[in-house]
K.L.:
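Dropping the structure in here first, questions after.
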Amino acid sequence: MNQCLPVNAKVSKAKKVLDEARETHNRELDLVDKGLVSFEELPGLFNMSNITRLTLSHNKITLINPGIANLLNLEILNLSNNQLTELPVSLSSMPKLRILNVSINKLDNLPRGFGAFPVLEVLDLSYNNLSEQVLPGNFFGMETLRALYLGDNDFEYIPKELGQLKNLQILGLRDNDLMELPREIGELMRLRELHIQNNRLQVLPPEVAQLDLLSNKSVMKMEENPWVNPIAEQYLLGISHVIEYLKTETYKIIYNRHMQGGRGGPPPPKADKSKKASRIRA
């Protein structure tokens, strides 16, 4: 009978959270699952320049108002699990933003200059519809980045500029359509976690063996790929065996032959992502 009431109640709750934050000078706003569709339902939000954390996950927001850049002290912005189809150019000008989570949305492009974030450390773009074609030219210019999550997208290749992310410690590339990794991945000397499971990878660049992926705190996930037989055999013995094998002259010959076109048939098929939630338009 009162089916609209819960949504209205949620929106009024959102306003209540804003009012309370103003009164108490709370610097962290939690607006999770408030039924929000638009920033218009949050009057005065962009005047709250003292805010350091803004959580808007599990709503139905489709667009981020460019005015969000007025939140000059914002350090953490979580907009995961919404209906976002694009991001504003102004986002990357935010001077203190360290963590940006826009995972589980419907993004199929990124704004120009997106890599201009001055202090961004964690960027989560997983579970969208992004590919190498839509990465802006300066995407890999985020030198402060420590964690980059690109899983569950449509990447077939990662540009060689990946090697510029010298401070990167975690790289999430699982569940894409990747057919190869750039040799420049070996330049990420601080990398401790590499997630490449469930792609179309058949070989790894020998440079992966230069990375510290075998220590106690390191993680390397590489299952569900159509590896060439020598890698598949080593993988059955463990990741350490794979890493050691990548260092051999025998493997370098196999890798070079593969990359020069002797891939032994057509590339592995893409996964069917037509029913993926991020593809469904409201």
Side-chain angles (χ1 to χ4, degrees), residues 109-110 114-115 117 120 122-126 128-214 218-228 230-231 234-235 239 242-249 251-264 267-268 270-271:
N109 66 75
L110 293 173
F114 186 74
F117 291 97
L120 197 67
V122 179
L123 175 59
D124 194 342
L125 290 164
S126 53
N128 281 287
N129 302 316
L130 301 170
S131 70
E132 61 273 14
Q133 273 90 20
V134 302
L135 294 182
N138 70 342
F139 184 80
F140 295 103
M142 295 180 272
E143 295 179 2
T144 53
L145 214 56
R146 291 186 297 108
L148 175 60
Y149 300 98
L150 296 173
D152 272 300
N153 277 288
D154 301 322
F155 289 94
E156 292 190 3
Y157 301 93
I158 299 295
K160 66 181 187 331
E161 287 78 14
L162 172 70
Q164 296 173 14
L165 301 178
K166 303 299 184 189
N167 288 299
L168 202 65
Q169 297 172 30
I170 301 172
L171 178 58
L173 297 170
R174 60 173 177 72
D175 294 289
N176 275 283
D177 293 311
L178 288 173
M179 290 194 286
E180 62 185 69
L181 294 174
R183 303 190 77 149
E184 287 76 8
I185 195 170
E187 297 170 19
L188 306 178
M189 298 312 294
R190 295 192 177 184
L191 200 69
R192 296 296 178 270
E193 285 192 31
L194 178 59
H195 301 264
I196 51 174
Q197 60 269 46
N198 202 14
N199 278 286
R200 301 157 71 196
L201 295 166
Q202 295 175 282
V203 294
L204 285 169
E207 289 77 7
V208 168
Q210 299 170 13
L211 305 173
D212 179 12
L213 294 171
L214 296 178
S218 296
V219 176
M220 183 173 176
K221 299 277 190 180
M222 55 180 283
E223 63 269 20
E224 302 296 331
N225 279 289
W227 301 114
V228 294
I231 290 184
Q234 296 299 323
Y235 179 60
I239 296 291
V242 174
I243 297 296
E244 288 305 313
Y245 180 64
L246 296 184
K247 297 175 182 177
T248 66
E249 290 303 317
Y251 177 69
K252 288 172 185 171
I253 292 169
I254 292 173
Y255 176 79
N256 289 333
R257 190 179 296 154
H258 184 90
M259 298 308 293
Q260 286 163 9
R263 289 179 169 82
K270 286 186 179 183

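Because the structure is predicted, anything quoted here is derived from the model rather than measured.
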K.L.:
Take a 6.0 Å sphere around NZ of Lys252 and say whether it holds more than 12 heavy atoms from other residues, nucleotides or ligands.
P.N.:
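More than 12 heavy atoms, drawn from other residues, nucleotides or ligands, come within 6.0 Å of this atom.
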K.L.:
Any heavy-atom pair between the side chains of Gln197 and Leu173 that's under 4.5 Å?
P.N.:
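No, their side chains stay 4.5 Å or more apart.
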K.L.:
Where do Glu180 and Arg200 land on the salt bridge (charged side-chain N to carboxylate O under 4.0 Å, His left out) test, with the steps shown first?
P.N.:
CA-CA 8 Å; Glu180 62 185 69; Arg200 301 157 71 196; over 6 Å; no
K.L.:
Answer yes or no: is there a donor N or O on one side and an acceptor on the other, between the side chain of Asn176 and the main chain of Phe155, under 3.5 Å?
P.N.:
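It does hold such a pair.
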K.L.:
Run the side chain to side chain contact (heavy atoms under 4.5 Å, CB included) check on Asn199 and Asp175 step by step: do they pass?
P.N.:
CA-CA 6 Å; Asn199 278 286; Asp175 294 289; over 6 Å; no
K.L.:
Does a sphere of radius 6.0 Å around CD in Glu143 hold more than 12 heavy atoms from other residues, nucleotides or ligands, not counting ones at 6.0 Å or beyond?
P.N.:
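No - once you tally the heavy atoms of other residues, nucleotides and ligands closer than 6.0 Å, there are 12 at most.
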K.L.:
Which residues pass the salt bridge (Lys or Arg N to Asp or Glu O under 4.0 Å) test with Glu184, not counting sequence neighbours?
P.N.:
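Salt bridge (Lys or Arg N to Asp or Glu O under 4.0 Å) list for Glu184, sorted by chain: empty.
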K.L.:
Can Glu187 and Lys166 be counted as an ion pair, charged N to O under 4.0 angstrom?
P.N.:
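Salt bridge present between Glu187 and Lys166.
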K.L.:
Report the residues that fulfil salt bridge (Lys or Arg N to Asp or Glu O under 4.0 Å) with Glu193, sequence neighbours left out, ordered by chain and then residue number.
P.N.:
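Counting only residues at least two positions away or on another chain, Glu193 forms no salt bridge (Lys or Arg N to Asp or Glu O under 4.0 Å).
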K.L.:
Output all residues satisfying side chain to side chain donor-acceptor pair (under 3.5 Å) with Gln133, sequence neighbours left out; order by chain, then residue number.
P.N.:
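For Gln133, the residues satisfying side chain to side chain donor-acceptor pair (under 3.5 Å) (neighbours in sequence not counted) are Ser131.
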K.L.:
What I'd like to find out is whether the side chain of Ile170 reaches to under 4.5 Å of the side chain of Leu191, using heavy atoms alone.
P.N.:
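SC-SC contact between Ile170 and Leu191 ruled out.
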K.L.:
Atom CD of Gln234 and atom CH2 of Trp227: how far apart are they, to the nearest 0.5 Å?
P.N.:
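Taking CD in Gln234 and CH2 in Trp227, the distance rounds to 13.0 Å.
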K.L.:
May I have the step-by-step check of side chain to side chain contact (heavy atoms under 4.5 Å, CB included) for Leu135 and Phe140, ending in yes or no?
P.N.:
CA-CA 9 Å; Leu135 294 182; Phe140 295 103; 3.9 Å; yes
K.L.:
Please state whether the rings of Tyr251 and Tyr255 are parallel, tilted or perpendicular, taking 30° and 60° as the class boundaries.
P.N.:
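Tyr251 vs Tyr255 ring planes: tilted.
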